[in-house]
Amino acid sequence: MSEVVFLLVPKLHLLDLAGAAQVFSTAEDVLTEAGGSSAYRLRYVAASPEVPTAQGLPVRAETAWPELGPADLVLVPGWRSPGTAGAPRLSASQAEHLFEHHRRGGTVASVCSGAFALGQAGLLDGRRCTTHHDLQEELARRFPDAAVIRDVLFTEDDRVVTSAGIASGIDLALHLVAVRHGPAVAGRVAREMVVFARRNGDEPQASAMLRHRSHLSDAVHRVQDRIEARFAEPLRLPDLAAESGVSQRTLTRRFAEATGMSPLQYQSVLRLERAEHLIGQGATVDAAARAVGFADARMLRRLRAGARR
């Protein structure tokens, strides 16, 4: 089981906290309902047991940090600051906890102005990062060794994951669920949260299972569910048509109208996306190709080359 620890600072934004927390809480429900063991435990730590929020609702937190390992995540929600957004908000002890958790192999993430906390902990130097569009210039000024990426939803660089403002914390959390458990689980979480369409940034960070869900065709949704659950397996169009309750020709037409591609093209997109996640986590191209269902790495290499053009 992974600990997901939210480091809370005064005047934090409720949605920065609640959006990401809801994703991991829903993922826990989805995974345990499917018969798996408990996957996530959510914890909240702060300098004091009660933390005021920007929206006026105080939240409770622990003041002692739990023991953390490489499978655990620490996430810093953003806060409201009418003056300098990057003003120091962490104690030396909190900053050291962030740095040491990452040094020991753990993942550290932020939403919105939470990126400044990661910068204070020394985790942005030499790494790609982002924050709310109103704060990007200041983030670059305060941390000149960071590679601040403008106008994207989130970035990931060596287990340091940063996201833009407010609701992009949901995108970041869904991405982390997809990396750990695959696109089918993340897609189920998104649907439970009624997040069917994920917004795009300048980079291809939007998951295909969310990008192509903003339609109203029940037949196509059923087929997408089947493909997402078994995308690494050989799938035949007649079987998918039977799943949808329509003919092969009708399914092909409706699927193209809803998603802009055929069912098997959709499967390839999911395979490519999952393979990119695995490669980003250190897998070789050959290993990633086998894991997502390709007979060899040649098809994966062709798809990756085509995606870059």
Side-chain angles (χ1 to χ4, degrees), residues 1-2 4 19-34 36 38-40 42 70-73 75 106-111 128 130 152-164 167-201 203-214 221 224-233 259 261 266-283 287-294 300 303-304 307:
M1 179 174 62
S2 294
V4 180
Q22 183 69 53
V23 169
F24 291 110
S25 175
T26 303
E28 167 71 6
D29 293 341
V30 166
L31 290 163
T32 54
E33 286 171 8
S38 185
Y40 293 109
L42 275 58
D72 300 324
L73 166 70
L75 190 149
T107 298
V108 179
S110 66
V111 181
R128 299 167 67 256
T130 196
V152 295
L153 286 179
F154 61 87
T155 65
E156 181 174 20
D157 191 335
D158 185 29
R159 293 175 287 105
V160 174
V161 193
T162 57
S163 66
S168 66
I170 295 173
D171 298 284
L172 175 148
L174 285 170
H175 165 74
L176 292 174
V177 168
V179 168
R180 293 176 179 221
H181 306 288
V185 172
R188 173 76 184 277
V189 171
R191 293 193 293 281
E192 291 290 335
M193 294 178 62
V194 199
V195 181
F196 288 111
R198 188 161 163 190
R199 300 155 301 150
N200 251 323
E203 297 187 338
Q205 296 175 337
S207 173
M209 53 163 202
L210 301 177
R211 255 196 336 262
H212 301 292
R213 284 287 190 165
S214 56
H221 278 304
Q224 287 177 291
D225 289 342
R226 174 71 173 270
I227 296 172
E228 288 164 10
R230 302 175 61 180
F231 69 91
E233 303 175 15
T259 69
M261 64 186 77
Y266 182 70
Q267 181 187 26
S268 291
V269 169
L270 292 181
R271 286 180 169 183
L272 173 61
E273 184 172 82
R274 179 60 177 161
E276 292 289 4
H277 288 325
L278 294 173
I279 293 167
Q281 295 297 305
R290 289 193 300 271
V292 302
F294 291 121
L300 176 57
L303 289 171
R304 295 185 81 204

Would you name the heavy atoms of [X] and [Y] that are closest together and state the gap between them?
{"X": "L278", "Y": "A291", "answer": "CD1-CB, 3.7 Å"}
{"X": "A288", "Y": "I279", "answer": "CB-CG1, 3.8 Å"}
{"X": "L75", "Y": "A20", "answer": "CD1-CB, 4.0 Å"}
{"X": "V177", "Y": "A27", "answer": "CG2-CB, 4.1 Å"}

Exam field: side chain [X] to backbone [Y], donor-acceptor pair closer than 3.5 Å:
{"X": "T130", "Y": "T162", "result": "no"}
{"X": "R191", "Y": "G187", "result": "yes"}
{"X": "E156", "Y": "L172", "result": "no"}
{"X": "S2", "Y": "A71", "result": "yes"}
{"X": "S163", "Y": "S110", "result": "yes"}
{"X": "S25", "Y": "A21", "result": "no"}
{"X": "T26", "Y": "V23", "result": "no"}
{"X": "R274", "Y": "V179", "result": "yes"}
{"X": "R271", "Y": "V292", "result": "yes"}

**Side-chain heavy-atom pair E192, D29 within 4.5 angstrom cut-off** =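 No, their side chains stay 4.5 Å or more apart.
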**Message:** I'd like to know whether R304 forms a side chain to side chain contact (heavy atoms under 4.5 Å, CB included) with L272, so could you lay out the CA-CA distance, the side-chain angles of the two residues, the decisive distance to 0.1 Å, and finally the verdict.
**Reply:** CA-CA 7 Å; R304 295 185 81 204; L272 173 61; 3.6 Å; yes
Approximate separation, where rounding is to 0.5 Å, of [X] [atom1] and [Y] [atom2]:
{"X": "F24", "Y": "L176", "atom1": "CZ", "atom2": "CG", "value": "5.0 Å"}
{"X": "L31", "Y": "M1", "atom1": "CG", "atom2": "CE", "value": "13.0 Å"}
{"X": "Q267", "Y": "M261", "atom1": "CD", "atom2": "CE", "value": "12.5 Å"}
{"X": "R128", "Y": "F154", "atom1": "CZ", "atom2": "CZ", "value": "10.5 Å"}

**Request:** With side chain to side chain contact (heavy atoms under 4.5 Å, CB included) as the test, would you mind laying out the steps for V30 and H181 before giving the verdict?
**Result:** CA-CA 11 Å; V30 166; H181 306 288; over 6 Å; no
**Message:** Between E28 and L42, is the side chain to side chain contact (heavy atoms under 4.5 Å, CB included) condition met? List the steps.
**Reply:** CA-CA 10 Å; E28 167 71 6; L42 275 58; over 6 Å; no
**Request:** With sequence neighbours excluded, tell me which residues meet salt bridge (Lys or Arg N to Asp or Glu O under 4.0 Å) with R180.
**Result:**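 With neighbours one apart ignored, the set is empty.
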